[in-house]
Amino acid sequence: MRDSRKSVYHTGGADGLIMGVAFVIVMAMTMLSIRLESALLSIFSMLLAVPGIAALAATLLRKRYVENSYRDAFSSLWMHGITMFVCGNLIFGLALYAYLRFIDPGFLVRETLEAASIYSGLGTDEGEHMATLLHSMVDKHLLPTPISFAFSMMWFGSFFGCMLSLAMTFLVRMVRPARHIK
């Protein structure tokens, strides 16, 4: 009898597409909340980002585990999660780069200056020092380029996803029917 299970990389890549779309939605909501200065939209985007992404990851991992009749090894399921997050972050990185390069090229400078203003408003020596450093970074063109910022966020998301997948894999494998009949 032939085993008809799909490769962990195949399903991870397919689920990575879903994850990538979710990342782009979170990014769009976050950028919109910054542009509109909306606290409610900011809270909504944080809820999408933190518990929303974790729930989506758990759902996709659980789906694979059930489809394979609870036979996936821990390492196989974890690799599915890693692949899913790496592929999703590739999509996110492309979208973030496009946004920073073509849609809002002044975003990094504007947000750095906004942070400098907040630090300056603290009224402390440390706050003034930080504000001066941020202004200096802008003046000396030391901010990251859109591509380097996008790559940094992509790698951060992939690492975070790897760790989240580890936890989610553990949880997904814990919940299993008492008796599984094929």
Side-chain angles (χ1 to χ4, degrees), residues 3-104 107-108 111 146-178 180 182:
D3 191 5
S4 64
R5 291 189 295 176
K6 291 182 180 172
S7 158
V8 67
Y9 305 108
H10 179 270
T11 56
D15 288 346
L17 180 62
I18 295 167
M19 194 63 74
V21 169
F23 290 152
V24 171
I25 290 170
V26 169
M27 181 192 84
M29 296 299 290
T30 302
M31 296 303 183
L32 189 61
S33 73
I34 291 169
R35 182 163 284 204
L36 298 177
E37 296 181 8
S38 169
L40 186 60
L41 199 53
S42 180
I43 291 169
F44 181 67
S45 67
M46 288 301 291
L47 289 174
L48 280 177
V50 181
I53 294 297
L56 179 60
T59 301
L60 294 171
L61 287 169
R62 179 76 179 165
K63 181 178 152 227
R64 176 181 167 87
Y65 194 47
V66 169
E67 284 175 355
N68 289 331
S69 305
Y70 306 94
R71 293 182 295 164
D72 280 338
F74 185 91
S75 59
S76 175
L77 209 52
W78 186 22
M79 183 53 73
H80 171 252
I82 291 170
T83 305
M84 177 174 66
F85 271 96
V86 169
C87 291
N89 274 290
L90 286 171
I91 295 167
F92 166 69
L94 285 171
L96 181 59
Y97 171 71
Y99 179 81
L100 294 175
R101 177 77 168 86
F102 302 111
I103 298 170
D104 191 1
F107 179 81
L108 293 173
E111 292 305 310
I147 193 72
S148 65
F149 186 75
F151 262 99
S152 295
M153 293 303 292
M154 222 170 63
W155 284 118
F156 170 76
S158 295
F159 174 75
F160 176 77
C162 179
M163 295 298 106
L164 182 63
S165 293
L166 177 64
M168 290 296 116
T169 298
F170 179 74
L171 293 174
V172 162
R173 285 181 50 88
M174 279 180 51
V175 180
R176 187 175 175 174
H180 177 69
K182 195 170 179 180

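All values reported here derive from a predicted model rather than from experimental measurement. The first residue of the sequence shown is numbered 1, and numbering continues consecutively from there.
In the displayed structure, Arg62 atom CZ is contacted under 6.0 Å by more than 12 heavy atoms of other residues, nucleotides or ligands. In this structure, Met46 places its CE atom where only 12 or fewer heavy-atom neighbours from other residues, nucleotides or ligands lie under 6.0 Å away.
Checking each of Glu67, Lys6, Arg64 against Thr11 for a side-chain hydrogen bond (donor to acceptor under 3.5 Å, both in side chains) leaves exactly one that passes, namely Arg64. Here the rule is side-chain contact (heavy atoms from CB on, under 4.5 Å) with Leu61, and of Asp15, Thr169, Leu171, Val66 only Thr169 fits it.
In terms of modelled atom types and a separation under 3.5 Å, the side chain of Arg173 and the main chain of Leu77 share no donor-acceptor contact.
Ile25 contributes atom CD1, which lies 11.5 Å from atom CZ of Phe23 (distance to the nearest 0.5 angstrom). Separation of atoms CG (Leu36) and CE (Met31) is listed at 13.0 Å; rounding is to 0.5 Å. Rounded to the nearest 0.5 Å, atoms CG (Leu166) and OG (Ser75) are 11.5 Å apart. Distance CE/Met29 to CD1/Ile34: 12.0 Å, rounded to 0.5 Å. One finds the CD1 atom of Ile147 at 9.0 Å from the CG atom of Leu96 (value rounded to the nearest 0.5 Å).
Ring geometry for Tyr99 against Phe107 counts as perpendicular: the plane angle is over 60°, on a 0 to 90° scale with 30° as the lower cut.
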N/O donor-acceptor pairs under 3.5 Å from side chains in residues 150-165, not counting sequence neighbours:
| from | atom 1 | to | atom 2 | distance (Å) |
| --- | --- | --- | --- | --- |
| Ser152 | OG | Ser148 | O | 3.0 |
| Ser158 | OG | Met154 | O | 3.0 |
| Ser165 | OG | Gly81 | O | 3.3 |
| Ser165 | OG | Gly161 | O | 2.8 |

Which donor-acceptor pairs under 3.5 Å do side chains of residues 49-59 form with protein atoms, sequence neighbours excluded?
| from | atom 1 | to | atom 2 | distance (Å) |
| --- | --- | --- | --- | --- |
| Thr59 | OG1 | Ala55 | O | 2.8 |

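In this structure the side chain of Phe170 never reaches within 4.5 angstrom of the side chain of Trp78, judged on heavy atoms. Inter-residue side-chain proximity for Ile91 and Val21 is flagged as unmet; no heavy-atom pair is nearer than 4.5 Å.
What you find for Tyr65 and Arg71 is that their closest heavy atoms are CE1-N, 4.3 Å. The heavy-atom pair separating Ser45 from Val26 by the smallest distance is O-CG1, 4.1 Å.
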When you look at Asp72 and His80, which way does the side chain to side chain contact (heavy atoms under 4.5 Å, CB included) test go after all the steps?
CA-CA 10 Å; Asp72 280 338; His80 171 252; over 6 Å; no
After noting the C-alpha distance and the side-chain angles of Phe149 and Tyr97, does the key distance pass the side chain to side chain contact (heavy atoms under 4.5 Å, CB included) rule?
CA-CA 8 Å; Phe149 186 75; Tyr97 171 71; over 6 Å; no
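Legend: residues meeting side-chain contact (heavy atoms from CB on, under 4.5 Å) with Thr83, ordered by chain and number and at least two apart, are Tyr9, Met79, Cys87.
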